[in-house]
Structures are given as structure tokens and as C-alpha cells.
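Structure first, then comments.
Source: prediction; values computed, not measured. Every chain is numbered from 1 and lettered A, B, ... according to where its sequence line falls, protein lines coming before strand lines.
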Amino acid sequence: MNRLLLTVVTLATALPLVAAANPIQDSYRAAAKQENAAFKDFSAARGQAFYSAKTGDMACASCHGDSPKANGKHAKIGKDILPMAPSANAQRFTDAAKVEKWFGRNCKDVLSRACSAQEKGDFIAYMLSVK
Amino acid sequence: MRTLPGLVLAITLFPLGAAAADKYGGENRGKPLQPAQVSAKWQQECGSCHIAYAPGLLPAESWRKLMSGLDKHFGDDASLTAAEDKEITAFLVANGSNRWSARTAPLRITESAWFKTKHSNKEIPPDTWKRPSVKSPANCQACHIDAAKADFNEHRIKIPK
């Protein structure tokens with residue numbers, strides 16, 4: 001009886017967390033494990049550091065702003081960019097093709113290389129954590 | 001002789017039409033700047049980092065050149081899938097300036113004679129472009145309030161401080 005109760009309580013606690021997870025972020029999990037066998041999970045803290053880190057004179061934050069909740073501004077042109085955080089912009093990280101397209105372009109722009117699956121997952125973890 | 005009035009009209013108006021194509025040394029933006037029905041894909045893909053510049057601002061050949069080198073788009077990688085590229089190129093080329101008679105095909109709108117005339121140093125003091133609120137001549141909507149609707153009417157301009 002106790003074991004049943006324990007199972008029910010565990011599921012009741014865990015399921016909502018699983019349901020709230022982002023399917024696009026999940027899709028990077030398997031690839032992250034393949035890239036690095038020691039991979040455990042995505043980290044919002046790592047994502048935040050990645051977001052702000054400059055390569056040369058560019059960082060993600062250069063265009064998307066210091067706070068993902070606020071509008072960004074294109075570094076060269078000046079046009080406003082809608083917020084990255086889903087808490088401020090519900091459209092973000094709902095379209096897998098769009099997410100991949102922008103990782104493809106912007107990682108090339110900032111890092112001069114593709115982002116790893118872990119970097120992508122960490123980035124999304126950070127965005128999901130910004131409330 | 002019903003065609004006579006029509007003929008007279010055509011002969012009178014033709015120089016006006018021809019003149020518009022020769023204005024600015026042949027580098028004139030089109031009229032209209034864009035069709036009533038615009039490509040949704042163009043609006044979405046080309047309007048992320050800057051406003052989606054109306055096709056009539058440049059001639060078809062400019063758009064062809066631009067769209068064939070999107071991975072090196074003024075220092076950024078703006079690549080599209082082959083299908084998206086084809087669709088957007090078709091829209092731009094079909095709606096390129098209908099008043100551009102010069103053989104030139106600049107990649108930058110700001111390099112066209114009509115733009116340079118309209119935004120000459122007499123009209124716009126050069127340091128205007130450096131204001132943080134403006135930042136760049138590529139940022140049309142900083143001053144042209146209705147730029148996103150391809151409305152650049154000179155009566156609806158507000159140059160920010």
C-alpha cells in the first residue's frame with residue numbers, strides 16, 4: 001500500500017515537470033549524449049554564461065539584449081527584435097525548423113561554427129528559466 | 001476615330017512615364033513599391049533583422065544578385081532553404097522597380113541614385129545617421145513611421161532625437 005502511494009505521489013510530482021518540458025529542447029538530448037557520453041542534463045546556468053559570452057566582439061546578447069525578457073536590438077541595423085524568453089514571447093521555441101534555422105545562422109555569425117546539441121539545449125534551458 | 005483621344009492621351013502621358021524611368025540617372029524606385037498582395041514568406045524571412053525592404057526599391061537584377069549570395073549577406077549568414085530562396089526570389093524579381101532604366105544593379109538600396117538624392121546631406125545632416133535612435137540608413141522605420149507598409153511619404157516622417 002505504501003509502495004503504491006509512493007509511486008502515485010512520485011508520478012504526480014514528476015509528470016507535471018515532464019509535461020512542462022520543451023519538446024524541442026528534448027530533441028537535443030540524445031544528440032548531446034552522443035557528443036559527450038558524460039552528458040547528464042542541460043543547465044540554465046551554463047546557458048546563461050553561453051548567452052553572454054563574447055566571441056570577438058559578438059555575443060548572443062549583442063542583438064538579443066542583456067535581458068531575454070525585453071526586446072533586443074539588431075547590433076548593426078538597430079531594428080527591434082522581439083524577446084527571446086517564452087515567458088515574454090509565447091512563440092519562442094515552438095517551431096523546430098525555425099529554431100534550427102536561427103541556431104544555424106547565428107552560431108555561425110557569433111562563433112564561426114555550428115553550436116553543439118548541448119549548447120543548444122543549455123541555451124533553451126536558460127530561456128525557459130527566465131520568468 | 002475613337003482611338004484619337006486615346007492616342008492624344010498616350011502621346012501626352014508617355015513622356016511623363018519615360019521621364020520617371022530616366023529620373024535619377026535611370027535609378028528610380030518603382031511605383032508602386034510593392035504589390036497589394038505581398039509574399040508572406042518574404043515578409044517573415046526578410047523582415048527579422050531589418051524591415052522587409054519593398055521589392056520596388058531596387059531593380060530585379062539587384063534582387064537576383066542578392067538572393068544568390070545570402071550566406072554572405074552584408075557580413076551575416078542569412079541562408080534559406082533552396083525552396084524558400086526560389087519563392088522569395090521570384091516575388092522580388094517580379095516586383096522589382098518598374099522605373100529603373102539604368103543598367104546598374106546595386107546591392108544596397110542606399111547606393112541607388114534616388115536614395116542618395118532623397119537623403120542628401122542637404123536634406124539629412126550626416127550626423128543624423130549616427131544617433132542611437134537611428135543607427136543606420138538601413139533602419140528605415142527609425143524615421144519613416146510607416147516603412148513596414150512601404151509608405152515612405154515625406155509628410156509622414158519623424159526624425160527622432
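A:Met84 and A:Leu82 end up in different hydrophobic clusters when Ile, Leu, Val, Met, Phe, Trp and Tyr side chains are linked at under 4.5 Å. Note on A:Phe39: it clusters hydrophobically with A:Phe103, by side-chain heavy-atom contacts below 4.5 Å among ILVMFWY residues. Connection of B:Ile51 to A:Ile81 is not established within any shared hydrophobic cluster, with ILVMFWY side chains joined at heavy-atom distances below 4.5 Å, either directly or through further cluster members. By the rule that hydrophobic residues join a cluster once side-chain heavy atoms approach within less than 4.5 Å of another member, B:Leu107 and B:Leu58 end up as members of one cluster. By the criterion of side-chain heavy atoms lying less than 4.5 angstrom apart, applied directly or through intervening Ile, Leu, Val, Met, Phe, Trp or Tyr residues, A:Trp102 is not grouped with A:Val130; the two fall into different hydrophobic clusters.
Side-chain N or O atoms of B:Asp77 include none that pairs as donor or acceptor with a backbone N or O of A:Asn106 at under 3.5 Å. Checked by atom type and distance alone, the side chain of A:Lys76 never pairs as donor or acceptor with a backbone atom of B:Lys135 at under 3.5 Å.
Residue B:Lys158 places its NZ atom among 12 or fewer non-hydrogen atoms of other residues, nucleotides or ligands, all under 6.0 Å distant. Taking a 6.0 Å sphere around CG of A:Asp66, one finds it holds 12 or fewer heavy atoms contributed by other residues, nucleotides or ligands. For B:Lys65, the NZ atom sits in a packed shell: over 12 heavy atoms of surrounding residues, nucleotides or ligands are nearer than 6.0 Å.
The choice from B:Ser79, B:Cys49, B:Ala142 that makes the most heavy-atom pairs within less than 4.5 Å of chain A is B:Cys49.
Within the 4.5 Å cutoff, no side-chain heavy atoms of B:Asp71 are placed close to those of A:Arg105. Taking 4.5 Å as the limit, some side-chain heavy atom of A:Lys101 sits within range of a side-chain heavy atom of B:Glu45. Counting only heavy atoms from C-beta outward, the side chains of A:His74 and B:Asp76 approach each other to under 4.5 Å.
At a 4.5 Å heavy-atom cutoff, B:Gln44 makes no contact with chain A through either its backbone or its side chain. B:Thr81 does not touch chain A: none of its heavy atoms, backbone or side chain, sits under 4.5 Å away. Neither the backbone nor the side chain of A:Ala97 comes within contact range of chain B, judged by heavy atoms closer than 4.5 Å. Residue B:Pro132 touches chain A through its backbone alone, counting heavy-atom pairs closer than 4.5 Å.
Between atom SG of residue B:Cys140 and atom CD1 of residue A:Ile77 there is a gap of 9.5 Å, rounded to the nearest 0.5 Å.
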